[in-house]
Amino acid sequence: MNLSINGPKILWKIPVGNLFTITITETVVASCVVTWLLILACYLLGRNLKKRPDGRQVIVEKLVTMLYNMVEDTMGSHNMHYAPYIGALFLSSLFGSVISTLGVFRSSTADLSTTATWAIMTIVIVWASNIREVGLLSWLKGFTEPIFIMTPMNIVSEFATPVSMAFRHFGNVVGGSVLMTLIYSALALASSVVFGWLPGLLGEIPFLQFGVPAVFSAYFDFFSGAIQALVFCMLSMVYIGMANPPRDELGRTSYQAQKAAKKAAKLAAKASK
């Protein structure tokens, strides 16, 4: 028995003149399907809203409230505008992982390019927030602290954040896919050994593959997929929240307030002279 576990298949190649070629893989198709399913779900669940909600609207409002409460508890009330981004990340990750259970599509999160894209999006938000907070020059100067010799280590540490986020999510999903493939293969082999003596087509039916893999799939596809989506979103919220500290009454962050206080102290010292 030969067992091979490959990456996403290339379905189409679309040449764009002589410049480059657009490659359409299983991951691209699965991601598009998940995106359109989420858009359709948002449209169906968000229409005909009532002041006195029915059962469907009550469930949706409860889930949305849970999302906003989680964002507020993790990032603070001043970062509530990031809730749609966190919700989109969670749903894309969750449904991207479980879509493989349909037997038609491959998990989009089983491709490193998917999780790496999400990690890059998060780290770009973090960097943009830091630059807005302290300024570009001060942000670049931060890589040289506490001493200049630490600059390479600080740069590696900064880029290690999105790399670790991407590989953690990707590795867990791929690991579950590999284990499920091994379980299916082992059950097929065990079925042929136990029931191979049956005459005709009965001896070729993999009886042990019925029902038994569903138990493992409930964990590796659903439970593990939900956990990885939650962990990825929690890390994103922590990093973005740290880059966007709370503001005071004047709309300034703690760094900006300290900078303004130092400037006021210098002006007061000059005035006293």
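Looking at every heavy atom in both residues, Pro84 comes nearest to His81 through CD-O, 3.5 Å. The minimum heavy-atom distance between His78 and Pro245, with the atom names listed, is NE2-C, 3.3 Å. Minimum heavy-atom separation, Ala243 to Asn130: CB-OD1, 3.5 Å. Of all heavy-atom pairs between Thr109 and Thr115, the closest is O-CG2, 3.9 Å. Heavy atoms only, all atoms of each residue included: Lys13 and Thr21 are closest at CB-CG2, 3.8 Å.
Note: the hydrophobic cluster containing Leu235 does not contain Val173 (ILVMFWY, side chain heavy atoms under 4.5 Å, direct or indirect links). Leu44 and Leu38 fall into different hydrophobic clusters, defined by Ile, Leu, Val, Met, Phe, Trp and Tyr side-chain heavy atoms under 4.5 Å apart, directly or through other members. Transitive grouping of hydrophobic side chains (ILVMFWY, heavy atoms separated by less than 4.5 Å) brings Ile99 and Ile227 into a common cluster. Under a hydrophobic clustering in which Ile, Leu, Val, Met, Phe, Trp and Tyr are joined whenever their side-chain heavy atoms come within less than 4.5 Å, directly or via other members, Leu136 and Val134 fall into the same cluster. A continuous path of hydrophobic side-chain contacts links Leu94 to Val71 [ILVMFWY only; heavy atoms under 4.5 Å].
Here the side chain of Ser129 pairs a donor or acceptor atom with the backbone of Ile125 at under 3.5 angstrom. One N or O on the side chain of Thr101 and one on the backbone of Val98 form a donor-acceptor pair closer than 3.5 Å. Of the possible polar contacts, none joining the Ser31 side chain to the Val28 backbone as a donor-acceptor pair under 3.5 Å is found. Without hydrogens or angle criteria, Arg106 side chain to Ala30 main chain gives no donor-acceptor distance under 3.5 Å. A donor-acceptor pair under 3.5 Å is absent between the side-chain atoms of Asn244 and the main chain of Asn79, judged by distance alone. Side chain of Ser107 to backbone of Ser97: a donor-acceptor contact under 3.5 angstrom is found. Side chain of Ser164 to backbone of Thr161: a donor-acceptor contact under 3.5 angstrom is found.
Atoms CG and NZ, from Leu137 and Lys141 in turn, are 10.0 Å apart once rounded to the nearest 0.5 Å. Put simply, CE on Met70 and OG1 on Thr65 are 12.5 Å apart, with the number rounded to the nearest 0.5 Å. Within the model, atoms CD of Gln228 and CZ of Phe223 stand 10.0 Å from one another, a figure rounded to the nearest 0.5 Å. Residue Asp111 holds its CG atom at 7.0 Å from CZ of Phe170, rounded to the nearest 0.5 Å. Residue Leu91 holds its CG atom at 11.5 Å from CD1 of Ile86, rounded to the nearest 0.5 Å. Rounding to the nearest 0.5 Å places NZ of Lys62 at 15.0 Å from CD of Gln57.
Under the side chain to side chain donor-acceptor pair (under 3.5 Å) criterion, Trp127 pairs with Glu158, not counting sequence neighbours. In this view, Phe222 satisfies the ring-ring contact (aromatic ring centres under 6.0 Å, His included) rule with no residue, not counting sequence neighbours. Under the side chain to side chain donor-acceptor pair (under 3.5 Å) criterion, Glu72 pairs with no residue at all, not counting sequence neighbours. Take Ser93 and apply the side chain to side chain donor-acceptor pair (under 3.5 Å) test, not counting sequence neighbours, and it matches His169. Partners of Tyr68 according to the ring-ring contact (aromatic ring centres under 6.0 Å, His included) rule, which considers only residues two or more places apart in sequence or in another chain, do not exist here. Scanning for ring-ring contact (aromatic ring centres under 6.0 Å, His included) contacts around Phe143 gives Trp139, with sequence neighbours left out. Residues passing the side chain to side chain donor-acceptor pair (under 3.5 Å) test with Thr122 are Tyr85, Ser236, sequence neighbours excluded. A search for salt bridge (charged side-chain N to carboxylate O under 4.0 Å, His left out) contacts involving Lys50 returns Asp54, not counting sequence neighbours.
Cluster partners of Trp36, using a side-chain heavy-atom cutoff of under 4.5 Å among ILVMFWY residues and allowing indirect links, are Ile39. Think of Leu63 as one node in a network of Ile, Leu, Val, Met, Phe, Trp and Tyr side chains linked at under 4.5 Å; its network also takes in Ile59, Met66. The hydrophobic cluster containing Val238 also includes Met242, under a criterion of side-chain heavy atoms closer than 4.5 Å among ILVMFWY residues, counted directly or through chains of members.
Judged as a side-chain hydrogen bond (donor to acceptor under 3.5 Å, both in side chains), not a single pair has a partner in residues 37-49 (not counting sequence neighbours).
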Check step by step if side chain to side chain contact (heavy atoms under 4.5 Å, CB included) holds for Tyr82 and Thr74. CA-CA 11 Å; Tyr82 286 109; Thr74 307; over 6 Å; no

